[in-house]
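Remarks on the structure that follows.
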Amino acid sequence: MAATTSTVADGAAPAQTQAVQPQPMTDKLSELWADPKGWIGQLRVVQNDTLGARIAVVAFFFFVWSGIDSLFIRAQLVVPENTLVGPARFNELFTMHGSAMMYLFAVPILEGFAILLLPFMLGNRDMPFPRLGAYTFWTFLFGGLLFYSSTLFRAVPNAGWFAYVPLSGPVYSPGLALDFWLLALGVAEVAAIAAGIEIIIAILRMRAPGMTLSRMPLFAWAMLVTAFSILFAFTPLIVGSLLLELDRKVGTKFFDPTAGGSPILWQHLFWIFGHPEVYIQFLPAAGMVSMILPVFARRRIVGYPFLAMALIAIAFLSFGLWVHHMFTTDLPPVATTFFAVASMMIAIPGGVQVFAWLATLWSGRPVFKTPLLFVVGFLVLFVIGGLTGVMVAVIPFDWQVHDSYFIVAHFHYVLLGGVVFPIFAALYYWMPRFTDRLLDEGLGRWHFWLMFIGANVAFFPMHIVGLLGMPRRVYTYPAGIGWDIYNQLATLGAFMMGVGMLVFVINVIWTLRAGAPARANPWDADSLEWATDTPPPPHGFTLLPIVHSRHPLWDQTDLHQGESRVEALVRGLARWPQSWRAVLVTSLVDAQPQEVARVSGPSIWPFVAAVGTILMFAAEIWSLRFVSLTGVLIVIGALIGWHWPDPVKTSEQEAVDFEREHAIEVNPHGSVIVSRGALWLVLLVIGVALACFLFSYFYIRLENTSWPPAGYPLPDWTLAAIGAGLLLLSAGATVWAMRGIRADKAGQLRAGLAAAFVLGAAAVGVQGFDLARVGFGHDTHAYGSIFYMLAGFGLIVLLGGLLMSAFIQLWAWKGHYSARRHTAAANGALFWYGAVIVWLLTFGTLYLAPHVI
Amino acid sequence: MTHASSTPLPRNRWLLIGLLTGPVVWAVYFLVAYLVGEFGCLSGALQFAVLGVPAVTAIVTLLTAIALIAVLIAGWKTFEVWQQMKALDDTEAAGREQARTRFLGFGGLLLSGLFAYAILLNGVPALVLRPC
Amino acid sequence: MRHIPIVWNVCLRVVGAASATLMAGCAQTSETAPSALAPQGPAAAQIAGLWWIMLGLSTIIFLLVMGLLAWGLWRKRPIPANGSMRALRDESESALPGGANTWIMGGGVILPVIVLTGLLVLTLGAMRAIARVSPSQEIVIEVIGHQWWWEIRYPNHGFTTANEIRIPVGQPIELQLTSNDVIHSFWAPELHGKMDLVPGRTTTWVVQADQVGDYRAECAEFCGLQHAKMHLIVVAEPPDKLAEWLANEQQEAVKPASDAERSGQQVFLGSACANCHAIRGTNASGVVGPDLTHLASRRTLAAGALPNTRGHLAGWIIDPQNLKPGNLMPPTQLSGEELNALLAYLESLK
């Protein structure tokens, strides 16, 4: 017994890394990577640890805020026919509670953790796009503040976190409330996508040498699949929000059933986002559990490959669930059963995870520190939520419990138990890493038990009252039909959790002032984030670790031993470069060093771009078009400043020497591999957006008996076909240009690019002329709305390509490109091919499809 | 050399394809079959019968068969990779390439199995329920 | 000793789950809660059957998992005095009974595959059984959602009423659901699950009540400010009694018989009432609010917000915004005399 309760670290010899790091180098690197000082400096910070912590803290603040909202909700429902807050305020409260928890707490805090932890955990120095990280933070902060500022303008969103049309449309929600919801959260969604791109690249291409896919920490696996899910899920939401905002402000008819639109289309677009969203929250939490649980079981995780594959499987399956929120909208039965089956299938990877965790606990020797308590609490709550999750996949049963309190119970077990509990485990577990102090165990226990008992007292009775017929989102309920006691229990439990939260906040404040100091690796953990000094220096690792195991700090006695080439490279990187922030880019599967590249340093421009973004969106709430336009211009200006070449202080010769010595490519102007990867991801997002617009087009078409609707001519495709032909020629010219530069013929590149640009611009002009003469409006029928929307989207992508092309030509004329170095040109060409494909699909849909269907 | 067999290891690209074939085929199958189910019914375009079988049922079943075969092939290939690697008792000791080959092969096998089952189960309701 | 509370709590959870089940069972006898677990129609009975099976399975799985968890946390695994942590971890690898694959494949794959396959069979069986019912051709009911009340039409009988559906007991009746404004959802838990009322679409839903009685129904899709007060009553009656009711509803409104009723009708037709409400047989033909032709025969006012009594009716006419804030009915300024006459008239509309 005594041994069971002893601290974790005794008898262990975690790999010592600091001893071999010469202090002067560490100091120099620290200076280079340090956050800028001063008031303005705070706005210029781009370091992943500062930004990650900031995002997490702000998200936690929103968590507390919307938690307080929920206490008002429960207070209102404590007795029947209560008049404490009234219907209007109540609807605002549950809308704010749900929206903030989903958009401003869960996803951002997990992304914050990822940005904070991943570079340490993967054994690298920073995220691939530090400035994008800064932009993520500022847009998220401003978006959240704008969202809550709706209170000041007495226009608090009140249509639920799902904002079903027509209720959220211009007719039934006049006023600004829903504009706050759409636009403020739109900003936060942009932030989420930006972070997603960054996280994918960090995990796939910026791992320590030797950290193959099969050695990657499970949190990294979880964040990898989560980040992909974010790209696939948030894009439909942004598309849906855009369409709804246009309906509200510009008079389009996408969702208006009286003019050929479809309210069900909103539900599709929303739930294609909304269901994966739940897993976007759960997967990182599961990844955290897979990191924390083995440490406190003092044993390697059981079934690593199973757990990694379970994450992938859940991410895929989660996109096959969206219609299970729409079982009561009378869709064809076979179509709905697909979704029922997919919903049930989730239980398999879910079960795999649970049993892998159980087996780990079973064969380990658990130490009952607070993080483990929260993990165990997670297991209990999550299993209940998972079981009811399978129940609601059963379509007939869902007909009963859909939109009842049973669902409220179910998803709170999943989200509170499955996401918030792991987040608390993570806070207790990782906070010592960054604050130098251990959170208090005694208060931690109080916190845990209040939360755990509170959660069950609050949410378990909701299952029952839901089955007893109580619908969701009601501000009051009739007396005397037997719902009272369950609501009273729920309120009691909610307030218990409130007290628990208070204990936690006290714990954090007390710990920061006077907590017990933490040693370097207080839990005897296995992963690399515990290998640096405490608190970690800004750059993390002076000597990058070399990985030979899934559990480097458990299995390796030396973190810097490896193939001699890699050892030399790692040592070389501790000495050079000292004047720009260098990271190591490695291969996707095996993490073999491929490139030493620069990541950008502190800059005010991400902040300026975020200000422009928020201005653009906020002004749109009040339809202040010129202010919005100013915002757009600020963003464009900031982007130019952001990417303005920042000459390096090292000479070209030094880079060449380093290349020769270590047989690795050095790119002081930024990574080739990373920028190519990011471009592919941007194209992916554009592709997903296009797919959403095409889906909307055909869905609206389906809602109409004739297409184009009566009174609209069949589209005349002659001019548009000429435009499409010009684009094909332009793509051909681009191919020719790229072939030229690969053969080091700069002239051919310039000529080809110029031809491509002229042809592309001509195509846009022809198409614009055609749109100007089609002769129907965007605001009379959904046909016109989707016609202009789709065409506009295609044209904007083309214009983006032309803009890129213009810059590339500028540099081409300045002679920047050679056979060896022409990444920007190649990326521009790739984007242009993508844009041409987007347009061809758009053209086919708009001009040819109506002739066929 | 700790190699148990002298067969060259499959290339990374093939390992990744083997890993993702199951889920990707399922995703495409799922989307197409759903669109057939929903658009086919709502538009009325597929409200006819072929040899007494409703068109939606027939198409969905055909899609199920094709997807299932594709995933089973991927499963078989990854199974072979895994078998080849299984001979090595401790893949970590055998070397980095062996370890990750085994991992990716085994992962592909797991995902192929899961998604083959998912496709199979998706195909069943089409046979049992009236499609529209 | 620190792990004991967890185990204790697991026990509590089990007891909690069991007692909750009991409570849910008891609720069947409750007279008023519209319980999905006290089914009064075949569809609801199918679903309740599914629920009890799933509850049983879930309880077993939950107990199994929690048992393994508790046992794993509780069982004594002493740490060898001389072993390093590394040796300990290596030893743990082999200390898992049956090996990792047995746990994961057994608990995470085989168990769910069996349960899910069974569950899919049950689901499809229930869906087929529910879909097999062919509704009565005689009575079809259109239900049109409004913020925040229900318009009810019997197209075969040519009349319109509100907030109350009457169906013959023991017969499957088709409801044709649509909405006039936002999305609503029809939910009578004792009879069937819910189905949405979507503007621009007509969805159908077949309900059947096996017992004579009043069944509470709710709007289950959030539809705005007064979503909470959008109730509906489904009244199941013996066919002859229903026929009587149908015949009565088809009639125009009764002519005012007394002086008070006559002047009440004048008040009605002369005030804003008639702009929004219809009373068949008079000039009042508004369509914004509920049809009042047979108002006095209905059980509730304002979509179940109030019982249909003289006092509540008076309060509702004078100050509807206080009773159900945000609804579309404006307050009506009437003298005491006018109000009494109006009430007398409305109460005569049997």
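Note on naming: letters A, B, ... go to the chains in the order of the sequence lines (proteins, then strands), and numbering restarts at 1 for each one. This is a predicted model, so every value here is computed, not measured. Reckoned from all heavy atoms, side chains included, excluding hydrogens, waters and symmetry mates.
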* A/F382 vs A/F378 aromatic rings, parallel, tilted or perpendicular, using cut-offs 30° and 60°? ->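 Answer is parallel, since the angle falls under 30°.
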* Evaluate the ring planes of A/F460 and A/H463, with Trp represented by its six-membered ring, and classify them as parallel (under 30°), tilted (30 to 60°) or perpendicular (over 60°). => perpendicular
* Output yes when A/E81 and C/K229 qualify as a salt bridge under the 4.0 Å nitrogen-oxygen rule, no when they do not. => yes
* Is a salt bridge present between A/R300 and A/D526, judged by a nitrogen-to-oxygen distance below 4.0 Å? -> no
Can you tell me which of [options] forms the most heavy-atom pairs within a distance under 4.5 Å of chain C?
options                        : result
A/V390, A/T388, A/D398, A/D555 : A/D555
A/L358, A/D256, A/V302         : A/L358
A/G303, A/G386, A/G160, A/A159 : A/A159
A/H402, A/M470, A/M344, A/M345 : A/M344

Engaged part of [X] at the chain C interface, taking heavy atoms whose separation is under 4.5 Å:
X      : answer
A/L307 : neither
A/Y164 : side chain
A/F90  : neither
A/F162 : side chain
A/V401 : backbone
A/E92  : neither
A/P294 : neither
A/M326 : neither
A/E703 : side chain
A/T360 : neither
A/V465 : neither
A/V394 : both
A/F94  : side chain

Using a cut-off of under 4.5 Å for heavy-atom pairs, which of [options] has the most such pairs with chain A?
options                        : result
C/A126, C/G304, C/C223, C/A100 : C/C223
C/G224, C/G326, C/A217         : C/G224
C/L50, C/L177, C/L225          : C/L225
C/Q147, C/E218, C/R75          : C/R75
C/I104, C/I130, C/L57, C/T203  : C/I104
C/P189, C/S185, C/G200         : C/P189

For [X], is it the side chain, the backbone, both, or neither that has a heavy atom closer than 4.5 Å to a heavy atom of chain A?
X      : value
C/L120 : both
C/L124 : side chain
C/E221 : both
C/M230 : neither
C/I183 : both
C/H192 : both
C/V198 : side chain
C/Q46  : neither
C/W71  : both

Pairing donors with acceptors under 3.5 angstrom, does anything connect the side chains of [X] and [Y]?
X      : Y      : answer
C/Q226 : A/Y475 : yes
A/Q400 : C/W187 : yes
C/D196 : A/T329 : no
A/T370 : A/E441 : yes
A/R472 : A/S404 : no

Whether [X] side chain and [Y] backbone form a donor-acceptor pair below 3.5 Å:
X      : Y      : answer
C/W51  : C/A36  : no
A/W266 : A/A163 : yes
A/T328 : C/M195 : no
C/R201 : A/P257 : no
A/N91  : A/A88  : no
A/S262 : A/L265 : yes

* Asked: Is there a ring pair (Phe, Tyr, Trp, His ring centres under 6.0 Å) between C/W148 and C/H227 once you walk through the steps?
  -> CA-CA 7 Å; C/W148 296 276; C/H227 164 58; 9.7 Å; no
* To do: Would you confirm whether the ring centroid of A/W362 sits within less than 6.0 angstrom of the ring centroid of A/W357?
  => no
* **For the student: nearest non-hydrogen atoms of C/F222 and A/N158, plus distance** => CE2-O, 3.4 Å
